[in-house]
Amino acid sequence: MPELPEVETVRRSLAPAFGARVEQVRYSGLPLRLRKKLDLRAQRRAAEGAGIEGARRLGKYLLVDLQDREWAILVHLGMSGRLRIMSAAEPEPPHTHVVWALADGRELRFSDPRRFGQVDLVQRGAERDHPALAKLGIDPLEDPLDGPTLYELMHPSRQAIKAFLLDQRKVAGIGNIYASEALWMAQIRPSARANTVSKARAVRLAEAIPAVLRRALTKGGTSLKDFIAADGRTGEFAEYLQVYGRDGGDCLRDDCDGVIRRQVTQGRATFYCPGCQPR
DNA sequence: AGACAAACCTGTCTGC
DNA sequence: TGCAGACAGGTTTGTC
């Protein structure tokens, strides 16, 4: 579910918890990503008694920093994960797996029906030693993504450009929705091999990626079904999607009369306009 | 090395 | 109404 704009929306919505002190960590005991269980003792040692200092984002990963502690909490939302700040008096959402009870009567709750998400610890100052973060590529909102750099990254790859964009080792944070959106914006066919895309189009793509991510972020992300931020708000960007989920609809480019097509590649739905995204 | 399918899960929607 | 099947915003693993 959540791609970079959604994760950044969650990060920002965590602000009301900054400064609060973690009193207790609880865990459902069910395995999360890769059938791995949370190391509850380590989580407790790291977080209990500590204040929440702030939150950072690397690609689709969230890092919640703990005041005066060596550790930060690492959270990945997978497909269906949610982080919510709620009053302890409110009923827990279904499939709540990790709870950080705060000293002020609120709780930070991680729920995730599909359990593709991840909760772990990373050592502050050595974040990149964590295997999940070690190979992450450029974050298009934090680092400048210029055309020539992207072109150089694309050059050795024979992958379809859409698969390339989904590879977090190349550019971190793009998922299935924004890959289709960025390629439509840059007028590149998703099936085009990365190394066959012209330099001019690579430059357009390097502009399109941060543009679409930023635009989505201003709308609080895309809530197709169940994405919500830590404050319970949904994202509005679904209304502004140009191709994703619009198969059979008219292409929204001014001078194009094409019809949006849906194609399954690598098991993922891909949307494009055959008219203005030529081979 | 690199490309692809399958696997990990539950919930929801569609069509019969 | 019930049920089977398809599909979902992500990532890893195994196979070719």
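Not measured: the values here are computed from a predicted model. To find a chain, count down the sequence lines: A is the first, B the second, and so on, and within it residues start at 1.
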Closest nucleotide among [options] to the [X] side chain:
X        : options                : result
A:Phe227 : C:dG10, C:dG9, B:dT10  : C:dG9
A:Leu34  : C:dT12, B:dT12, C:dG10 : C:dT12
A:Arg158 : C:dG9, B:dT10, B:dA3   : B:dA3
A:Leu224 : C:dG10, B:dA3, C:dG9   : C:dG9
A:Arg262 : C:dT11, C:dA8, B:dG11  : C:dA8

In whole Å, I'd like the distance from the [atom1] atom of [X] to the [atom2] atom of [N].
X        : N      : atom1 : atom2 : answer
A:Phe164 : C:dT11 : CZ    : P     : 16 Å
A:Gln168 : C:dG10 : CD    : P     : 8 Å
A:Arg115 : B:dA7  : CZ    : P     : 18 Å
A:Met79  : C:dA6  : CE    : C1'   : 13 Å
A:Lys37  : B:dC8  : NZ    : C1'   : 16 Å
A:Asp226 : B:dT12 : CG    : C1'   : 10 Å
A:Gln159 : B:dA3  : CD    : C1'   : 7 Å
A:Gln266 : C:dG14 : CD    : C1'   : 16 Å

Who does [N] pair with, Watson-Crick or G-U, both distances under 3.5 Å?
N     : result
C:dG9 : none
C:dC3 : B:dG15
B:dA1 : none

Students often get this wrong, so: under 4.0 angstrom with heavy atoms, is [X] touching a base, only sugar-phosphate, or nothing?
X        : answer
A:Arg33  : sugar-phosphate
A:Arg169 : nothing
A:Ala163 : nothing
A:Tyr244 : sugar-phosphate
A:Lys60  : sugar-phosphate

Original post:
Do A:Arg253's NZ or CZ and the ring of A:Trp184 fall within the cation-pi criteria of under 6.0 Å and 45°?
Top reply: yes

Could you measure between the two [atom1] atoms, the one in [N] and the one in [M], and give it in whole Å?
N      : M      : atom1 : value
B:dC9  : C:dG14 : P     : 15 Å
C:dA6  : B:dA6  : P     : 13 Å
C:dT11 : B:dA1  : P     : 23 Å

With a 4.0 Å cut-off on N to O distance, would you call [X] and [Y] a salt bridge?
X        : Y        : result
A:Arg115 : A:Asp112 : no
A:Glu239 : A:Lys219 : no
A:Arg82  : A:Asp226 : no
A:Arg56  : A:Glu8   : no

Given [N], is OP1 or OP2 found less than 4.0 Å from the side-chain N or O atoms of [X]?
X        : N      : value
A:His95  : B:dC9  : no
A:His76  : C:dT11 : yes
A:Arg268 : C:dA8  : no

Subject >> pi-stack flag for A:Phe116 and B:dC8, centroid dist under 5.5 Å, interplanar under 30° >> reply: yes

**OP:** Select from A:Arg193 and A:Arg35 the residue whose nearest nucleotide in DNA chain B is closer to the 5' end of that strand.
**Re:** A:Arg193

Subject >> Earlier contact from the 5' end, DNA chain B, for A:Lys225 and A:Pro31 >> reply: A:Pro31

Subject >> Full working for side chain to side chain donor-acceptor pair (under 3.5 Å) between A:Gln123 and A:Glu70 >> reply: CA-CA 6 Å; A:Gln123 210 154 11; A:Glu70 175 184 4; 2.4 Å; yes

Original post:
Side chain of A:Arg114, base of C:dA8: donor and acceptor closer than 3.5 Å?
Top reply: yes

**OP:** Give me the ring orientation class for A:Tyr240 and A:Phe237: parallel if the planes are under 30° apart, tilted from 30 to 60°, perpendicular past 60°.
**Re:** parallel

